[in-house]
Amino acid sequence: MESGLISVDRWRNGSQAYFLTHMHSDHTRGLSGDWSQAPLYCSRTTASLFPSRFPGFDLSLLRVVPLSSWTSLSLRSPSSGSTVRLHFMAIDAHHCPGSVMFLFRGDFGCFLYTGDFRWDADAADEARNTLVDAINESPVDILYLDNTYCNPIYSFPSRQVAANLVADIIAAHPSHDIIIAVDSLGKEDLLVHVSRILNIKIWVWPERLRTMHLLGFQDIFTTDTSLTRVRAVPRYSFSIRTLEGLNTMCPTIGIMPSGLPWVKRPFKGDDKLSGSFLTASMKNETISAQKELQAAAVHKFHDYMYSVHYSDHSCYEEIAEFIKLVRPKSMKGIVVSSSSYVDPLYYFGRICGANQPPQVLLMRPDTAEEFRAVRIKSYSGSDKTRALAKGKKRKRDSHSSLKRNKKRARIQVKCAKIVEVD
DNA sequence: GCGATCAGCT
DNA sequence: CACAGCTGATCGC
């Protein structure tokens, strides 16, 4: 698509329509209360969060997009001045409340931008039907994919299973206080599940309670600590040190619903597209394999601390299922900043058909390697500066500009390398 | 001075 | 080892 038409989760000047997939801060960086560029399209739930997240935001700029139905929009081509007709649809992404994928259609072709998404077998039924119908009408030319866990080493259970594991841990500690780490948006379903299973309210901090009410949870959550032994606390206030402090007052365990460890499955080189582990869904695996996966999803890494792999991103098998369903002609990963970036074409390029030259399949991982190598190299080059900065309290003096210039240079080196290998 | 951005931490 | 998001320092207007 021509540039200067639309932006998705990007907020620089110059587009005629802006799309927001969900209200996480890494997708809203650049948005603020005084933003006034152009209409902003998002789901109803995301729209409802704007007044509290961006005080002063001009709400008349918001356009609520219904789920699973087409909307049309006329834009103006910056180059030719002619009218560009754009059709788009929001599809539930099951990442966090209000999260959607956007499917775009026009003379330019058909694009699917997933944003962050979790393709849980049970969660995504309606989204799957919507997607299948839309793709049958016209195939996807380019899939922009949440490739966070696009690597066979990333295997973990559905959120339903993970939520039961959390409930099991709590039930096994009947006289303990429980704290569960959460962020400002997401993992509500986990808390609701725990609440239902244990028939207990969940404490949240005041701002989080306001968010819960906006999301339509009216009775389950409370800010009164006397009503419950289970508290959801901000993840940044959650640490072993905190837990040790709490345990001097009252026996307390902490549950971190994400994080280590991974179930690492050995990579089989000849297994890329037709191998059993790729096509196996949870329900087809043996009971013992499921047990193994679940056991690995819980990790007690301290007397008071458990981690459970409860993820709002799709695991590798789910990404595979998704790509096989969409069958895009081509695709690109959205997550490129990660040091373990893997281009989805590396594992799934062949699903996209014959129009992917083999060197493309191999180039991207090399690029990532190059990227990593350059980073490491340039960091080691500034070790002295960093040691100095650590030893002393950083101050605004002549060293600052020196460090800054070094930082700049480092970025330029990276860019030069990327340009070179791209 | 203030918002934006970065580094560090978890 | 990922991500998300905080804090505090620094940048730049």
Side-chain angles (χ1 to χ4, degrees), chain A residues 9 11-13 21-35 53-56 95-97 99 115-118 146-156 179 181-187 205 207-208 211 232-243 254-265 267 296-297 299 301-302 305 307-316 319 333-342 368 372 375-376 378-379 382 385-408 410-411 414:
Chain A
D9 292 349
W11 312 103
R12 294 190 202 125
N13 296 354
T21 58
H22 65 288
M23 192 62 93
H24 274 158
S25 59
D26 55 330
H27 293 254
T28 58
R29 196 159 297 135
L31 259 185
S32 67
D34 52 15
W35 196 81
R53 298 303 165 105
F54 302 110
H95 170 69
C96 69
S99 67
D116 292 347
F117 80 108
R118 178 89 204 243
D146 172 12
N147 56 314
T148 303
Y149 296 128
C150 188
N151 188 314
I153 65 171
Y154 298 129
S155 182
F156 40 79
I179 62 174
V182 297
D183 290 313
S184 58
L185 181 67
K187 310 220 176 11
W205 65 99
E207 179 59 32
R208 195 63 156 93
T211 301
V233 304
R235 200 160 53 99
Y236 62 84
S237 74
F238 184 99
S239 66
I240 286 175
R241 183 179 286 254
T242 312
L243 271 167
I255 298 173
M256 179 76 85
S258 85
L260 306 177
W262 306 105
V263 176
K264 299 203 172 175
R265 302 177 121 149
F267 176 73
H299 186 219
F301 59 89
H302 185 274
M305 180 87 93
S307 77
V308 176
H309 199 117
Y310 186 100
S311 171
D312 285 324
H313 294 271
S314 299
C315 67
Y316 181 77
I319 293 173
I334 294 170
V335 183
V336 294
S337 59
S338 159
S339 60
S340 63
Y341 173 80
V342 175
R372 200 150 48 229
R375 276 181 68 110
I376 290 161
S378 45
Y379 271 118
S382 58
T385 319
R386 290 168 75 221
L388 198 74
K390 240 186 175 167
K392 294 182 177 184
K393 280 275 175 201
R394 263 172 302 197
K395 276 194 173 177
R396 216 180 154 158
D397 55 16
S398 57
H399 284 294
S400 299
S401 63
L402 182 68
K403 275 187 296 195
R404 212 170 105 222
N405 289 338
K406 285 200 176 187
K407 225 173 278 173
R408 287 263 156 78
R410 194 165 79 214
I411 290 159
K414 279 199 291 196

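All values derive from a computational prediction rather than experimental measurement. Numbered from 1 within each chain, the chains take letters A, B, ... in sequence-line order.
- Atom CH2 in A/W11 sits about 17 Å away from atom C1' in B/dA4, given to the nearest Å.
- No contact: A/D312 has no heavy atom under 4.0 Å from any strand.
- Distance NE2 (A/H95) to P (C/dC3): 11 Å, rounded to an integer number of Å.
- Under the 4.5 Å side-chain criterion, counting only non-hydrogen atoms from C-beta, A/D312 is not in contact with A/D116.
- A/F54 has its CZ atom 11 Å from the P atom of B/dA4, to the nearest Å.
- For C/dG5, one of the phosphate oxygens OP1 or OP2 lies less than 4.0 angstrom from a side-chain nitrogen or oxygen of A/S25.
- Proximity of A/T28 to A/F54: side-chain heavy atoms (C-beta onward) are separated by under 4.5 Å at one or more points.
- The interatomic distance linking A/R235 (CZ) with C/dT7 (P) rounds to 13 Å, in whole Å.
- Using a 4.0 Å heavy-atom criterion, one finds that A/S237 contacts no nucleic acid atom at all.
- When the side-chain nitrogen and oxygen atoms of A/H24 are compared with OP1 and OP2 of C/dG5, one or more of them lie within a distance under 4.0 Å.
- Between A/R235 and A/D183 a salt bridge is recorded (basic side-chain N to carboxylate O distance below 4.0 Å).
- Minimum heavy-atom separation, A/T242 to A/F238: OG1-C, 4.2 Å.
- Nucleotide B/dG3 holds its P atom 18 Å from the CZ atom of A/R29, rounded to whole Å.
- Put simply, CZ on A/F238 is 20 Å from P on B/dC9, counting in whole angstrom units.
- For A/D26 and C/dC6, the CG to C1' distance is 13 Å, given to the nearest whole Å.
- A straight line from CG of A/L185 to P of C/dA4 spans 11 Å, rounded to a whole angstrom.
- At C/dA2, none of the side-chain N or O atoms of A/T148 fall inside 4.0 Å of OP1 or OP2 (strictly under the cut-off).
- The phosphate of C/dA4 has OP1 or OP2 within less than 4.0 Å of a side-chain N or O from A/H313.
- Checking C/dC3, C/dG5, B/dA4 against the side-chain heavy atoms of A/S32 singles out B/dA4 as nearest.
- No side-chain heavy atom of A/R53 sits less than 4.5 Å from a side-chain heavy atom of A/L31.
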